[in-house]
Each structure stands twice: as structure tokens, then as C-alpha cells.
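Lettering follows sequence order; numbering is per chain, from 1. The analysis underlying the following values was restricted to heavy atoms, covering all of them including side chains, and did not include hydrogens, waters or symmetry mates.
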Amino acid sequence: MKLKFIPIDYDYFDFQGRNYAKLVGRDDKGKRVCVIDSCDVYLWAILKKGLNQKVVDKLISKIQKIKLNLKGRKTKVEKVELHDKNFLGKKVKALKVFATNYKDLHDIASKLDLKEIEKRRGYDLGYTTHYIIEKKINPLQWYEIEGDMLNNSQEFGGIDMALDVDLCIKLKSSKKVEGNFKPKILAYDIETDSLKIGEGEILMVSLVGENFKKVITWKKSKNKPQYTEFVEDEAELLKKFCEQVKKFSPDFLVGYFSDGFDLPYLKARAEKLKVKLELGIDGSQPKFSRGTLLTGKINGIVHIDILRFIRTAYAQYMKSETLSLNEVAKEFLGDTKKDFKIEHSSDIGENWEDYYKYNLHDSVLVVKLFEKFWPDLLEFTKVVQEPIFDVSRYGLSKQVESYIIHNLKRFNEIPEKRPTYDEISERRHSGGVEGAFVFEPKPGLYEKIAMFDFTSMHTSIIITHNISKGTLLEKKSKNSFASPEVELKGKKQKFYFSKEKGFFPELLNEIFEMRKKFKAEFKKNPNPITKARSNAFKVLSASVHGYIGFFGARYYSIESSASILAFVRKFNIETIEKIKKAGYEVIYGDTDSIAFLMNGKSEKEIKELLDKLNSELPGIMHLELEDFFKRGLWVTTRAGITGAKKKYALLDKENNLKIRGFETVRRDWCKLSRKLQNKIIKQILEDGNEKKALEDVKKIIKKLKERKIEKEDLIIKTQLKKPISEYIAQGPHVIAAKKMQEQEIPVSQGGLIEYYIAETSGKKKLVREKVKLPHEKGEYNIEYYLEHQILPAVENIFQVFGINIKEVIDGKKQENLGKWFK
DNA sequence: GTTGACGTCTTACC
DNA sequence: ACGGGTAAGACGTCAAC
């Protein structure tokens, strides 16, 4: 039979010693379809150079006789073929060694440790990746497929009967076709009375999909809202949850932090209450993979934890300080969680209806977030070509690597292997490479500033100079790109890269083109989503350099990484020199940007300078105008004399502020100093002087001393980056975390710790001795907030105007001492 | 007891 | 373990005075 099919979830199983791919997706009528297929499994044995035909023939027949008896499974090499291939861009002769079962490839590879064989590759990709590469049946892409319907068939052990699908097909052929796809999604969220997994009870669970809203709960209110479904107890809640998911039959079950909370919680409670959480289409329970992060998988339904995708693809470009559902929803949806304080269930009293609403609304937000990010998830999945389950969770290096792995066939390339444990360890201990150049600014308030920056600098350098592991030459050569001199492992040297196009820079060029496309889309139609997408591809494109220097990468090359950074320094410094020569005063620059004073010249003249600079740049390297600014402020470091790097504020022609590095953008400073600093920076940049700003500071200090500052503005938030026990230095946030632990307030690694500094009796000197948690009673420590929060945030700014703010304040203090301290 | 150098830790910039 | 290096700056620790 023939039908249209879109694969969504990928899995595989063994039957009679062979592997079969199990693809779950939809047909064009929305029916759930399972497709069973298989592919050749093989590895590559790269031959040593110069073997004669006789030796090769002998080797082939020797390999063909390999038989293995492993873990009760007898397998053998099925066949061997000789191919002309490329490995790292070089022509090689390689044997394609076919196996019966994918799991045997490792063992076969270890049998191939022979003198005629140089390297063994392609046995460490994972079956699903291997299958997608072989059969080109890519995730979230429509196919016209032809195959045999399995209906009450005994084939594959009666798989069609065991699966909850509308159609089960054994694939014969497939053809890619165009089509749209609207995913069927169901969001879920649980509410519990303890945040520790398995310890508390699940009070309610909400489910939201298209035209579907439900809260299942055993905490019954007097009036039963329409969307609720009351059950007798928690065990019944779990059963009902599974039943409703099954009935809705979503493609995606979506949560927020659900890998780390909702799904493992559900599973833990199900185990405790001896309820089977049969969510999978094969009736299986969710499975969790071990690792640093928990990952919850449901057979046939793609479990998406939308937080994980947001974290890798967008977090670095978001304004939100935390990735809480509340903040993220606010930034992308303009919507927030329902205002409802979760107390212990016993404190709720009759207020269950508000709790239901809150619970339901969280799922509504998750649906909306998923819908907002769906185009991006789709785009990423199509580019990276791995199942969306994985793509939505991958870190940046894995995204880059998968994109490469799935495109090697076009270049007839054999994939490089993953580094071994020893290789990783060696890479990690080989020491770093010198990074980018940062121009030391001269502190001051400047007028009329232009800023240039290089477009995707690292990426364009890699593409232009053909830099990669495969194109790196062993020695100096005429027809090559030479890197500037770099110091690597204590040796000053240059590296040379072939001018013959390498597959790696070529592939990067494709990502780079996509980045340009989405950036243009954002400029044409600016909104949070086009911006996010543009940034997502910026991240992917910019990550390639990081990938090359990442110790876990297949295509790791420290020589390439060092060369790229040497080029980055060279082009930035050279361009600074050229701008100076053209008669401008350069005031700042970091990595790929340069800011300089316009010096009375017109915007037109500066654009001409830009054109001239561009005409002198090689390859696809490009310098662009970031913007013209009315005013800009640079300050000194705390130490005093030198200009602080990575810290400045600019005001553009539309009076938009661009603040970098100042305390006002740092979440580990209290709101009071952040708000004040932001205000005075704005004031100074708008006025061109410090007069009004100084008054603002005086006002706030007066308020502080009169204890009129809200406690909320004094809370300091710091992330707990590791388990409490691992801290050597007992900083204030570590002490606050310990207090939380004592008071049985859940505190987790990665969580934000909030505290304030209070007045204490006795001679306590250390800050950590004055730490109090927000709910703890106490008066804020005036001296601390003045000396350690307000003054440090403003003093270098006034220093630019020759004002010593401390003296100004101290003078004031003497005058009004009696008034402030009675 | 104070001071300063240095290490630890977090966060931001690009 | 799950992109990179550069940099600021707070706070704790410890030795020297």
C-alpha cells in the first residue's frame, strides 16, 4: 500500500538477530503510523597505503571469515567490499565491513586490529543515526512511502498487535515530498506538596491541548470547575493521567523542566503506589537515561522538555535572569503565571479552585511556548537531521557534530570517531590557547561614536582560510593559508591549511548562509521570535569554533583553534590601526568590534571608510556598521587607573541605552544598586553631565539611611553552581544555601540562592556572618549596602567627572549625622 | 589586629 | 563532559607585619 508519512519518533529493536528501525509518525490524514524498516550495518577499515591487490584480496577473505560468539548471540561478518573513500579530505582505500547486528560493530572492529589496517571508523554512531544516514528518511519531513501492511501478522513477533497505532507498515520504498505538518501537542504540569522527587504527593496534574483542558485531582473543592476531573486518590490520578494521554494521542507530550521534575516525579510516585505508568504506545513506562541530566523517554510519543531547548538555543540572548517558566513566559509571551503562592497543602484550606487555575495555566503557558518555538525546533531538526527528541536536548557541540555527520556522504567522507577517554583526558590537560584581543579603553564620557564589528568573525575566518582538522597540513606549503604566529604547547609556530576546499569549512559555509537568511528575516520583520531564530543560528554558527576546541569533539583540532584565534587578533588589531591611520581615535574594541570617535566626520564618510576596509578583507570576511551613538561612557576598574574592559554604556540616536558589563546587568547585585546605576548612566548619557545623577545618588543614600528601602530591593541572588559540600570557599551564598538546608527549604544545584545582609549584634566582621534569608526577620545592614552595593556601583562613574563620591557623601554625613543616627 | 597577595567563585562579553 | 577565551569583581584565606 501507498501513503504519505512523516516520521516523528525513532526507535529500533532486534528480531532474530537483526536490527530494525521503528519509526512512529503520522499520515496525511492524521493517523498514527508505525513504519518498520532495516538497513545495512557496516564499519570502515581504512587500509594502509601501498598494499598490493594480492594482499588486499587475502585480507578481505580473512575478514570475511570472522565469526563471533558474543553474549549468546552468534554473528559473523556478512560481506566485505573495497571502496575508494575520503578520510579527513584525503583519498584512501577502505573496506566496508558488513555485520548482521549493529551491536557487533565494536567487537568486529576490535578483531580488525591488523597490520594492513590503518584505522577503523564508523562503528560508534548509534543505530538511529546510522539508519537516517543510510536510508535518508529524515525526521519531520514528508515521504510518500510504499510497503506491506502488517495486520495481525506474526512478523516481527506480532509487533503490530503490541503497538497502539492505526497502521503498521513494513517499508519497501520511500520518496521525499513536500507538505505541511501541524503537530498534535499535549502539555502537562504537576503540582506536589514537596519538591523532592518521590517524597511528597502529587496533588493534581493539568493537561492542555487543542480544545482540551483538564485538571485531574484528588483534592476536591466544594464547587467543581468544569475542566476538573475528581478522582479518589493519587493512585487513581496516575491511572487517569495515563488514560487521558492515551486518549488524546499526542505527537508531543510537552513539559517545562519535565525531564528533571514532572516525569521522574510521576514515575517515582507510580512505583511507590504500584501503579503502572503505561504511557508508551507499546504500553511501556517512561525510561530515564543516566548522565548529568535526567532525560525521560516515552515510547512512540516524543517527550519534550521545552526548557532544555530554550536553554541551549536562546538562553544567552535572553533578558530573563532565570529560566523559570514565569520569566521565560513573560519574555516570549508577555504572559505570566497566575499569581498564587504555593503553601503547604494543609495551608490551602478551601482555596483549591485557585490552585487548579494556577496548575492549568502553567500547562497553557507550556503549550504557547512550544508553539512559539515550534518553527525553530523544526528548523533545527531539519538542519541537524537527528530525531527531535534528541535535537531538543542536545548541547551546541552535539548539534554541530550531528550536522556534520549527516552530511559526510556528499563528500564521500568516512566519519571520524569519538575520542577515547584517554584522548579526552590528554586534550583537557594540554592547556588552552590564547584568546581574543580586548582594547583597553581610556575612561571618559565621549560624544559621537561609531562602532564597527566583524560579521560572524570566527566563522568567516574558518571559511575564508579553509581551517579544519582535515585541511591542516603537516608542513609549510606554497599553496596554503598560513596562520599568524601562535604559541601552542610552549612553542611559537605557524600552521598551514590547504587551499583545496575541505568538507568541514564547506559545511560551515552552509550554516553561515542560513544565519544570514534568518538575520535578514529578523531585520525585515522584527519580533521576539524572528529575533530568537536569528540568534539560534547565530549560536549554531558561532559554536563551530567552540566545537573545534572542545575536547569531546570528533573533529577537535587545537592547531585549528589556535590559528582561528590568532587570525581574530590579527584582523582586529590591523583594523584598529587602519582606522587610526584614517584619522580617528579608537576608544574600545573587544574580539570582533571596534568603537571610535567620529571626530567631526559625517556618517557618509565613515561608511566610505567601512567600504574601504571591506575591500581589503579577504574571502567572505566582512566588517559592518553596528551603529552610530550619541554618547558613550567608559569607566576605570575598581583599582582605579586603567580602563575597565567589557564594561561600557552607549546611547544611540533614538535614545536607546546599550549597557554592557555594568553591575546593572548583573543579577548578583541587589536591585537597589542596579536600578540606581541604570538611572544615573541614562541620566549622564542623556544630559552629557553628571549633575542630576549626583542628586539621584544622594536621594537614594538618604533613603537607605532612613531605612526606607524595601527589602525586596536589597535581595542578592547568586547561583549555587555545585553541591554545597563541594565548596572550598564559604561565600555568603553558600552560607545562605546551608541555612536553607537547615530550614528544609528545597535547595538544588543550579538554583538561585537569595539572601540579604542584615545588622547583627556583636563583632561580626565577615559578610557571611550577616547573611539572612529573605523571610528571616532582621534589619538591613546600612553600612554594607552603602559600602558594598551603592558606592561601588556608582563611584567609578563619578570618577570620570573628577568627583570622589565618597567624599561628597561623607561631607553630607557629617552635616546630617544627628538626623540620620539618633 | 590589620594588610595585602592570592585563590575561589560567579557572572558578563564576545 | 556534553562550545571557547577574556575579564571584572566580591569574598575568603593565610602569611607577614
Side-chain angles (χ1 to χ4, degrees), chain A residues 291-293 295 308 311-312 316-317 321 390 393-402 418-419 421 424-425 427-428 431-441 453-454 456-458 538-556 558 560-562 564-565 568-569 572 588-594 626 635-639 642-648 658-669 716-722 726-735 750 752-753 757 763 765-771 784 787-789 792-793 796:
Chain A
T292 37
L293 285 171
T295 294
R308 291 192 60 177
R311 184 182 283 146
T312 45
Q316 64 179 115
Y317 292 99
E321 274 165 29
D390 302 293
R393 289 171 173 82
Y394 277 170
L396 292 167
S397 79
K398 205 72 203 315
Q399 311 270 20
V400 170
E401 189 158 283
S402 295
R418 274 202 296 261
Y421 185 82
I424 289 180
S425 155
R427 290 173 182 186
R428 293 183 73 190
V433 295
E434 189 185 345
F437 166 75
V438 188
F439 188 99
E440 189 192 305
D453 61 16
F454 283 93
S456 304
M457 194 181 205
H458 300 77
K538 183 175 170 175
V539 173
L540 195 61
S541 161
S543 300
V544 174
H545 166 243
Y547 170 80
I548 293 173
F550 168 52
F551 51 74
R554 289 173 193 260
Y555 293 97
Y556 171 87
I558 195 72
S560 300
S561 182
I564 294 159
L565 287 161
V568 167
R569 291 190 295 272
N572 193 274
Y588 186 62
D590 183 350
T591 311
D592 57 0
S593 69
I594 301 162
E626 159 76 27
V635 298
T636 66
T637 62
R638 278 278 178 276
T642 55
K645 296 169 176 181
K646 299 185 186 287
K647 217 174 163 181
Y648 59 90
K658 180 175 170 168
I659 300 186
R660 293 289 123 96
F662 275 106
E663 285 75 4
T664 188
V665 300
R666 296 182 62 99
R667 70 173 183 200
D668 55 349
W669 283 71
I716 298 164
K717 298 176 190 172
T718 314
Q719 195 186 12
L720 195 69
K721 287 243 185 186
K722 48 188 178 186
E726 279 178 28
Y727 279 92
I728 301 164
Q730 303 290 301
H733 79 292
V734 180
I735 299 302
L752 268 192
I753 306 298
I757 305 302
K763 277 191 203 161
K765 279 201 317 208
L766 295 174
V767 174
R768 66 169 178 223
E769 292 167 330
K770 301 172 202 165
V771 165
Y784 175 83
E787 298 286 340
H788 295 264
Q789 292 280 326
N796 341 42

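Between C:dC11 and A:His788, a contact under 4.0 Å exists linking OP1 or OP2 to a side-chain N or O. Phosphate contact (OP1/OP2 of C:dA7, side-chain N/O of A:Tyr648, threshold under 4.0 Å): absent. Contact annotation: A:Lys765 does not reach the phosphate of B:dG1 (side-chain N/O to OP1 or OP2, under 4.0 Å). Phosphate proximity of B:dC14 to A:Thr591: absent, as no side-chain N or O sits under 4.0 Å from OP1 or OP2. Contact annotation: A:Arg660 side-chain N/O to B:dA12 OP1/OP2 distance is not under 4.0 Å. Side-chain N/O atoms of A:His545 include none lying less than 4.0 angstrom from OP1 or OP2 on C:dG3. OP1 or OP2 of B:dT11 lies within a sub-4.0 Å distance of a side-chain N or O belonging to A:Gln719. Considering only side-chain N and O atoms, A:Tyr588 lies nowhere under 4.0 angstrom from the phosphate OP1 or OP2 of C:dA7. Put simply, A:Arg768 has a side-chain N or O that comes within less than 4.0 Å of OP1 or OP2 on C:dT13. Checking the phosphate oxygens (OP1, OP2) of B:dC13, no side-chain nitrogen or oxygen of A:Lys646 falls inside 4.0 Å.
Exactly one of A:Val771, A:Leu766, A:Val767 qualifies for a side chain to side chain contact (heavy atoms under 4.5 Å, CB included) with A:Glu769. That residue is A:Leu766.
Taking atom CZ of A:Arg569 as the reference point, atom P of B:dC14 lies 18 Å away to the nearest angstrom. Atom pair A:Arg554:CZ and C:dA1:P shows a separation of 18 Å (rounding to whole Å applied). Rounded to whole Å, atom C1' of C:dG4 lies 11 Å from atom CZ of A:Phe551. What separates CD of A:Glu663 from P of C:dA10 is a distance of 7 Å, to the nearest Å. A:Lys658 has its NZ atom 11 Å from the C1' atom of B:dC14, to the nearest Å. In this structure, the CZ atom of A:Phe439 is 13 Å from the P atom of C:dA7, given to the nearest Å. The CD1-P distance, from A:Ile716 to B:dT11, rounds to 13 Å in whole Å. One can place CG of A:Asp592 at 13 Å from C1' of C:dT6, the figure rounded to the nearest angstrom.
Looking at the side chain of A:Gln730, the nearest of the listed nucleotides C:dT13, C:dC2, B:dT10 is C:dT13. Of the listed nucleotides (C:dG3, B:dT11, C:dG12), B:dT11 has the atom at the smallest distance from the side chain of A:Thr718. Among the nucleotides B:dT11, B:dT8, B:dC13, the one closest to the side chain of A:Asp668 is B:dT11. Counting only heavy atoms from C-beta on, A:Pro732 has its side chain closest to C:dC11 among B:dT10, C:dA10, C:dC11. For A:Thr637, taking side-chain heavy atoms from C-beta onward, the closest of the listed nucleotides C:dG12, B:dT10, C:dA8 is C:dA8. Looking at the side chain of A:Arg666, the nearest of the listed nucleotides B:dA12, B:dT8, C:dG9 is B:dA12. Listed candidates were B:dT10, B:dC13, C:dA1. Nearest to the side chain of A:Arg428 is C:dA1. Minimum atom distance to the side chain of A:Val433 is reached by C:dG5, of the listed C:dG5, B:dT8, C:dA1. Of the candidate nucleotides C:dG9, C:dC2, C:dG12, C:dC2 has the atom nearest to the side chain of A:Phe550.
Side-chain atoms of A:Arg393 do not come within 3.5 Å of backbone N or O of A:Thr295 as any donor-acceptor pair.
Residue A:Glu434 is in sugar-phosphate contact alone, with no base atom involved, counting any heavy-atom pair closer than 4.0 Å across all strands shown. Contacts of A:Gly552 with the nucleic acid, taken as non-hydrogen atoms under 4.0 Å apart, are absent. As judged by a 4.0 angstrom heavy-atom cut-off over every strand, A:Ala542 is placed among the base-contacting residues.
Rounding to the nearest 0.5 Å places CZ of A:Phe662 at 10.5 Å from OH of A:Tyr648.
In terms of polar N and O atoms assigned as donor or acceptor, the side chain of A:Arg667 never comes within less than 3.5 Å of the base of B:dT11 in a complementary pairing.
A:Gln730 has its side chain within reach of A:Ile735: a pair of non-hydrogen atoms, C-beta onward, lies under 4.5 Å apart.
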Q: In sequence, state the C-alpha distance, the side-chain angles, and the governing distance for A:Asp590 and A:Lys645, and then conclude on salt bridge (charged side-chain N to carboxylate O under 4.0 Å, His left out).
A: CA-CA 8 Å; A:Asp590 183 350; A:Lys645 296 169 176 181; over 6 Å; no

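In terms of heavy atoms, A:Asn572 sits closest to A:Thr591 at ND2-O, 3.0 Å.
Between A:His788 and A:Tyr784, the two ring planes are parallel [angle under 30°; tilted spans 30° to 60°].
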